[in-house]
K.L.:
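Sharing a structure, written as structure tokens. Questions coming.
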Amino acid sequence: MLSRRQKHILLKFFSMFSVVRGYNILIVVIAQYLTSIYILAHNKPLKQVILDINLLMLVLASAATIAGGYIINNFYDSEKDLINRPIKSKLDRLVSQNTKLSFYFVLNFLAVIMASYVSFKAVLFFSIYIFGIWFYSHKLKKLPFVGNLTSAILTITPFFAIFMYYKNFETVIFVHAIFLFLIISMRELTKDLENIKGDMAQNYSTISVIYGEKTSKIMLTFLAALTLIPIYLLLFKFNVGHMYFFFYLSILLLILFLLLLWYSKTKTHYLILHNILKFIILAGVFSILLIDVTIILNRI
């Protein structure tokens with residue numbers, strides 16, 4: 001049996017894990033490595049990519065910066081989360097605000113130190129990224145359009161660190177990035193609909209609060225239609241291997257999303273829509289493996 005002190009420490013650990021959303025960070029780490037292996041450095045030996053210390057430092061710097069971003073976001077949104085996510089908020093509050101801020105500064109310091117192992121450009125990149133996350137959480141998040149756009153850009157920013165490292169700027173990579181950007185933008189708009197009650201209580205000027213749910217739904221429909229452009233290009237203009245299964249599945253899920261969207265009225269409905277988009281993003285990460293199913297054997 002665990003002692004009372006051990007239970008307390010365990011609860012604190014889970015609380016901090018909840019604050020930094022460790023599961024999301026793990027997905028980003030996996031996505032960065034899969035992107036490196038299958039897309040950005042597909043001509044290099046597998047062992048060379050996996051054992052690349054510079055890549056590891058960039059991935060760890062990204063993870064530390066994202067974790068810090070979740071902490072500062074949690075710090076500024078603590079009151080709003082009491083309304084929108086009461087259960088998660090109770091768990092998050094097991095760790096004091098002072099402790100969270102201490103972790104925030106330590107994580108950002110570690111991110112810069114790890115980036116310095118790679119190059120001065122990497123230090124500059126992550127310093128700007130850290131500032132961008134803070135500025136978004138402190139100021140931009142409450143602004144309609146600007147907040148959504150900034151959030152989507154900050155979400156895909158860690159991948160640009162990898163792009164710059166490998167200096168691989170093929171068109172297909174940017175088409176993938178546009179598709180991801182559109183899905184993330186849809187997720188941000190859906191989150192606004194899901195959290196509209198808390199946003200109104202805390203005077204957040206989101207699109208849903210200022211312009212209403214109908215306008216948000218029209219924008220979501222428009223963004224869903226836009227995703228068909230990168231999907232078409234990736235299916236018929238570029239070689240994505242067996243990843244075409246994922247894009248056809250995405251089309252079906254987006255159709256389902258739109259059908260449910262126009263009948264959605266409650267927080268539970270919007271949570272379901274949010275989870276559909278999260279599933280598309282998660283499936284997209286692991287479907288990178290389908291680009292070339294023989295790549296591991298051929299590059300060992």
Side-chain angles (χ1 to χ4, degrees), residues 20-70 107-108 110-133 136 150-185 187 230 233-234 238-241 243 246 280-292 295-296 299:
V20 302
R21 303 188 190 183
Y23 40 87
N24 284 353
I25 294 173
L26 178 61
I27 293 301
V28 172
V29 169
I30 293 171
Q32 285 181 306
Y33 265 104
L34 290 179
T35 301
S36 299
I37 293 168
Y38 284 85
I39 300 175
L40 299 174
H42 57 85
N43 292 323
K44 294 186 177 182
L46 180 64
K47 187 176 179 181
Q48 183 181 333
V49 178
I50 293 177
L51 299 181
D52 187 342
I53 300 300
N54 286 339
L55 175 60
L56 175 63
M57 289 298 107
L58 290 174
V59 170
L60 291 177
S62 298
T65 304
I66 294 167
Y70 280 128
L107 286 167
N108 287 333
L110 289 174
V112 173
I113 292 297
M114 287 183 284
S116 69
Y117 182 88
V118 181
S119 68
F120 176 73
K121 287 182 179 179
V123 172
L124 191 61
F125 177 90
F126 281 99
S127 297
I128 294 171
Y129 186 33
I130 289 167
F131 174 78
I133 290 174
Y136 161 76
T150 306
S151 179
I153 291 172
L154 289 173
T155 302
I156 65 172
T157 295
F159 294 96
F160 283 99
I162 311 298
F163 297 160
M164 291 168 65
Y165 174 62
Y166 285 113
K167 295 181 173 62
N168 188 337
F169 301 104
E170 294 178 23
T171 306
V172 64
I173 295 170
F174 288 98
V175 178
H176 275 284
I178 290 169
F179 173 75
L180 178 60
F181 175 78
L182 290 171
I183 295 296
I184 291 172
S185 297
R187 189 192 67 175
L233 293 173
L234 289 165
F238 299 102
N239 179 21
V240 292
M243 198 179 179
F246 163 72
I280 291 175
I281 294 170
L282 183 63
V285 169
F286 290 101
S287 69
I288 293 173
L289 292 163
L290 299 174
I291 290 177
D292 186 351
I295 200 166
I296 300 296
R299 290 167 60 189

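The figures that follow rest on heavy atoms only: side chains count, while hydrogens, waters and symmetry mates do not. Since the model is a prediction, treat every value here as computed from it, not as a measurement.
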K.L.:
Between Asn108 and Phe126, is any pair of side-chain heavy atoms under 4.5 Å apart?
P.N.:
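When only atoms from C-beta onward are counted, Phe126 and Asn108 do not touch, as no gap falls below 4.5 Å.
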
K.L.:
In Å and rounded to the nearest 0.5 Å, what is the OG to CG distance from Ser36 to Leu56?
P.N.:
11.0 Å

K.L.:
Are the side chains of Ile153 and Phe160 in contact, using a 4.5 Å heavy-atom criterion?
P.N.:
no

K.L.:
For Tyr117, does the OH atom sit with more than 12 other heavy atoms under 6.0 Å from it, leaving out its own atoms?
P.N.:
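No, OH of Tyr117 has 12 or fewer neighbouring heavy atoms, counting only those of other groups under 6.0 Å.
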
K.L.:
Would you please classify the geometry between the Phe246 ring and the Phe179 ring as parallel, tilted or perpendicular, with 30° and 60° separating the classes?
P.N.:
perpendicular

K.L.:
Would Phe238 and His176 satisfy side-chain contact (heavy atoms from CB on, under 4.5 Å), going step by step from the backbone distance to the final call?
P.N.:
CA-CA 11 Å; Phe238 299 102; His176 275 284; over 6 Å; no

K.L.:
As an exercise, state the distance from OG1 of Thr150 to OH of Tyr136, rounded to the nearest 0.5 Å.
P.N.:
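Result: 7.5 Å between the selected atoms.
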
K.L.:
Could you check whether the rings of Phe159 and Phe163 sit parallel, tilted or perpendicular, using 30° and 60° as the cut-offs?
P.N.:
tilted

K.L.:
Give every donor-acceptor pair under 3.5 Å between a side-chain atom in residues 23-35 and any protein atom, sequence neighbours left out.
P.N.:
residue, atom, partner, partner atom, Å
Asn24, ND2, Tyr70, OH, 3.2
Gln32, NE2, Ser62, OG, 3.2
Gln32, NE2, Pro158, O, 3.2
Thr35, OG1, Ala31, O, 2.6

K.L.:
Heavy atoms only: give me the nearest Ser127-Val112 pair and the separation to one decimal.
P.N.:
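Shortest heavy-atom contact: OG-CG2, 4.2 Å.
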
K.L.:
Can you find a heavy atom in the side chain of Asp52 that is under 4.5 Å from one in the side chain of Lys44?
P.N.:
no

K.L.:
On a heavy-atom basis, which atom in Ser287 and which in Met243 lie closest, and how many Å separate them?
P.N.:
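So the two residues come closest at OG-CE, 3.3 Å.
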
K.L.:
Have a look at Val172 and tell me which of Asn239, Leu233, Leu234 forms a side-chain contact (heavy atoms from CB on, under 4.5 Å) with it.
P.N.:
Leu234

K.L.:
At their closest point, which heavy atom of Leu107 faces which heavy atom of Ala67, and how far apart are they?
P.N.:
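Taking every non-hydrogen atom into account, CD1-CB, 3.8 Å.
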
K.L.:
Ignoring hydrogens and angles, tell me if any N or O in the side chain of Ser119 forms a donor-acceptor pair with the backbone of Ala122 under 3.5 Å.
P.N.:
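Looks like yes, one N/O pair under 3.5 Å.
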
K.L.:
On a heavy-atom basis, which atom in Phe125 and which in Thr157 lie closest, and how many Å separate them?
P.N.:
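Closest approach of Phe125 to Thr157: CZ-O, 3.4 Å.
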
K.L.:
My understanding is that only one of Thr65, Ile133, Ile184 makes a side-chain contact (heavy atoms from CB on, under 4.5 Å) with Leu154; could you say which?
P.N.:
Ile133

K.L.:
Distance check, rounded to the nearest 0.5 Å: Ile156 atom CD1 versus Ser151 atom OG?
P.N.:
10.5 Å

K.L.:
Heavy atoms only: give me the nearest Leu58-Ala161 pair and the separation to one decimal.
P.N.:
CD1-O, 4.1 Å

